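Taking it in order: structure first as structure tokens, then the write-up.
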Number of protein chains: 2
Amino acid sequence: MREIPATQSQSKQRLLDAAEQLFAERGFEAVSVRDITHRADANVAAINYHFGTRDGLVALVISRYLTPVNEERLVRLETAERKTSGKSLPLEEILDAFARPLVGITRKSAMPERLLCKLLGRIFSLQGDDCPVAMEASMHRVNERFTRALGRALPSLAADELIWRIHLMVGGLIHLLMNQDRLEPVSSGTEEPPAMDAALSRFIRFSAAGLREGVTLEAPVKNTPQATFDFG
Amino acid sequence: MREIPATQSQSKQRLLDAAEQLFAERGFEAVSVRDITHRADANVAAINYHFGTRDGLVALVISRYLTPVNEERLVRLETAERKTSGKSLPLEEILDAFARPLVGITRKSAMPERLLCKLLGRIFSLQGDDCPVAMEASMHRVNERFTRALGRALPSLAADELIWRIHLMVGGLIHLLMNQDRLEPVSSGTEEPPAMDAALSRFIRFSAAGLREGVTLEAPVKNTPQATFDFG
DNA sequence: GTCTATAAAGTGATAGAC
DNA sequence: GTCTATCACTTTATAGAC
């Protein structure tokens with residue numbers, strides 16, 4: 001058989017892998033196309049051929065992780081809500097639906113968990129100008145649905161108070177992702193395989209307690225949040 | 001009187017002001033010396049003359065805020081500890097000592113609060129290679145002292161568990177700083193002057209509840225943290 | 001202290017050969 | 001699909017005139 005150039009080139013995949021690693025390590029802005037092509041052992045022109053522009057590659061990497069995570073978040077939330085048909089969900093279940101997809105995706109990716117966490121941390125802390133428009137729409141929908149669910153689970157909490165607390169919750173999650181590599185060795189030895197699972201349950205317990213702080217269970221409905229707000 | 005070039009040039013100050021604003025808006029990596037000199041109405045060579053290199057300016061801006069914040073953190077913690085001579089501090093007081101210096105500095109700076117919060121958020125989320133060595137030493141000392149104080153306030157909490165929770169706490173604070181401009185309009189109208197103070201008390205309540213979660217007040221001392229760990 | 005001019009290296013992107 | 005060569009900028013930094 002005669003050698004032919006691969007129709008679905010492996011180099012496109014190598015480029016993608018190299019880009020993800022470098023973006024995780026240094027951030028999206030600090031990586032040049034030459035850095036990527038060098039690590040992928042590809043030609044400098046390869047990125048423009050396969051992805052159009054550098055920004056195209058960045059947007060692709062972002063959506064490759066952001067889209068499935070946000071979709072799974074919504075699926076999990078809606079599944080849980082359907083099971084309790086109308087009634088408000090336990091806080092812990094909402095937080096689980098929000099955070100578990102981040103753990104789930106680490107299992108599907110070929111990337112080392114350490115790097116993938118950092119990449120996810122960088123993706124979900126993007127905001128403003130650094131943020132591709134496609135991402136904003138996806139995030140907005142997630143924000144809206146989860147703010148509503150949390151508001152229903154904490155009916156006595158004022159709407160603005162809820163939004164502040166959600167930001168504190170999200171910030172903690174992002175910081176955990178960004179520092180997972182430094183945190184893992186802290187939980188020494190015993191729990192090697194489910195490193196991310198341990199982080200997840202710690203996040204849920206901490207955040208649920210913070211969100212519930214001062215909320216009286218039997219208080220009358222003081223305020224249902226009518227406005228949602230983007231936490232990114 | 002003959003015109004002389006200002007001995008303590010105002011342009012150095014203008015350069016510093018412009019740099020701080022631009023770093024806050026776009027991050028330290030995304031601002032060129034030309035961006036800065038242009039906004040400061042100064043010559044392109046001015047930064048190298050006044051600050052040596054671009055990195056020198058970045059390090060100066062960082063330490064101008066990081067140093068006083070971290071020093072005030074330690075002073076507040078030590079003052080509080082001296083008052084209760086040996087006994088463990090209330091969690092809320094430790095968190096206040098940790099976060100209030102960030103509020104305090106917004107009062108001293110001429111920068112708009114909105115921008116300064118973002119700058120502080122960017123400074124305190126730096127880590128790894130982006131982190132000047134001088135900063136690491138300062139952060140390490142703060143981490144050590146506060147981890148110890150929190151460990152004493154939560155004696156029944158396992159050392160590794162404490163470190164995870166501290167990261168969740170710090171992440172929330174950073175995210176609040178980074179999003180203060182989006183959060184402020186949420187707390188509509190009523191509380192115009194003490195915008196940052198409201199954020200502070202919300203942070204303290206949320207984090208104290210998260211840190212205390214599942215901690216039984218009368219539990220015996222199970223574990224005092226012997227190792228501290230850098231949360232940045 | 002401030003300026004111009006310029007060096008030396010790096011940036012993303014593309015035309016065109018193979 | 002991959003390559004080289006190159007364009008058109010931009011980057012930080014510096015030498016030297018004023």
Side-chain angles (χ1 to χ4, degrees), chain A residues 1-63 122 126 129-133, chain B residues 1-63 122 126 129-133:
Chain A
M1 264 191 172
R2 192 158 45 86
E3 276 191 3
I4 52 164
T7 27
Q8 275 298 81
S9 81
Q10 336 91 303
S11 81
K12 181 169 180 175
Q13 188 57 45
R14 287 208 318 276
L15 249 12
L16 214 45
D17 292 343
E20 286 176 2
Q21 279 179 34
L22 285 162
F23 291 155
E25 289 167 7
R26 308 180 200 169
F28 294 106
E29 305 216 339
V31 177
S32 74
V33 300
R34 286 172 159 81
D35 292 333
I36 300 166
T37 52
H38 181 258
R39 180 171 297 196
D41 243 321
N43 189 270
V44 272
I47 284 185
N48 297 283
Y49 176 79
H50 286 291
F51 308 101
T53 66
R54 182 191 177 282
D55 279 355
L57 172 57
V58 170
L60 181 65
V61 168
I62 291 174
S63 81
R122 291 194 195 274
L126 287 178
D129 305 331
D130 310 328
C131 201
V133 280
Chain B
M1 264 193 171
R2 192 157 45 85
E3 277 192 1
I4 52 166
T7 27
Q8 275 300 79
S9 80
Q10 337 90 300
S11 80
K12 181 169 180 175
Q13 188 58 46
R14 286 208 317 277
L15 248 14
L16 215 45
D17 292 343
E20 285 176 2
Q21 279 179 35
L22 285 162
F23 290 155
E25 289 168 8
R26 306 179 202 169
F28 295 106
E29 305 217 338
V31 177
S32 74
V33 301
R34 283 171 156 83
D35 293 334
I36 300 167
T37 52
H38 182 257
R39 182 172 295 196
D41 243 320
N43 189 269
V44 273
I47 284 186
N48 298 284
Y49 176 80
H50 286 292
F51 307 101
T53 66
R54 182 191 176 284
D55 279 356
L57 172 58
V58 171
L60 182 65
V61 168
I62 290 173
S63 80
R122 292 193 195 276
L126 286 179
D129 305 331
D130 310 328
C131 201
V133 280

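Letters A, B, ... are given to chains in the order of the sequence lines, protein chains preceding strands, and every chain is numbered from 1. Computed from a prediction, not measured in an experiment: that's the story for all the values here.
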Whole angstroms only, please: what is the [atom1]-[atom2] distance between [X] and [N]?
| X | N | atom1 | atom2 | answer |
| --- | --- | --- | --- | --- |
| A:Ile36 | C:dG10 | CD1 | C1' | 15 Å |
| B:His50 | C:dT2 | NE2 | C1' | 8 Å |
| B:Phe51 | D:dA13 | CZ | P | 13 Å |
| B:Leu15 | C:dT2 | CG | P | 9 Å |
| B:Asn48 | D:dG16 | CG | P | 16 Å |
| A:Gln13 | D:dT2 | CD | P | 13 Å |
| A:Glu29 | C:dT11 | CD | P | 14 Å |
| B:Ile47 | D:dA13 | CD1 | P | 9 Å |

B:Arg39 side chain vs B:Asp17 backbone, donor-acceptor pair below 3.5 Å:
no

May I ask you to decide if A:Ile47's main-chain N or O and A:Arg54's side chain share a donor-acceptor pair within less than 3.5 Å?
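Judged by distance alone, no pair lies under 3.5 Å.
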
For A:Ser32 and A:Asn43, find the nucleotide of DNA chain C closest to each by heavy atoms; which residue's nucleotide sits nearer the 5' end?
A:Ser32

Name the residue closer to the 5' end of DNA chain C, choosing between A:Asp35 and A:Gly52 according to the nucleotide with the nearest heavy atom.
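Checking each residue's closest nucleotide, the 5'-ward one belongs to A:Asp35.
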
Output for pair (B:Leu16 CG, B:Arg14 CZ), nearest 0.5 Å, gives 12.0 Å

Taking only the P atom of each, what is the distance from D:dC9 to C:dA8 in whole angstrom?
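To the nearest whole Å, 22 Å.
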
Nearest listed nucleotide, side chain of A:Arg34, among C:dG12, C:dT2, C:dT14
C:dG12

Which is more 5' along DNA chain D, the nucleotide nearest A:Ala46 or the one nearest B:Val31? Just name the residue.
A:Ala46

Between the side chains of A:Arg26 and B:Glu29, is the shortest nitrogen-to-carboxylate-oxygen separation below 4.0 Å, so that they form an ion pair?
no

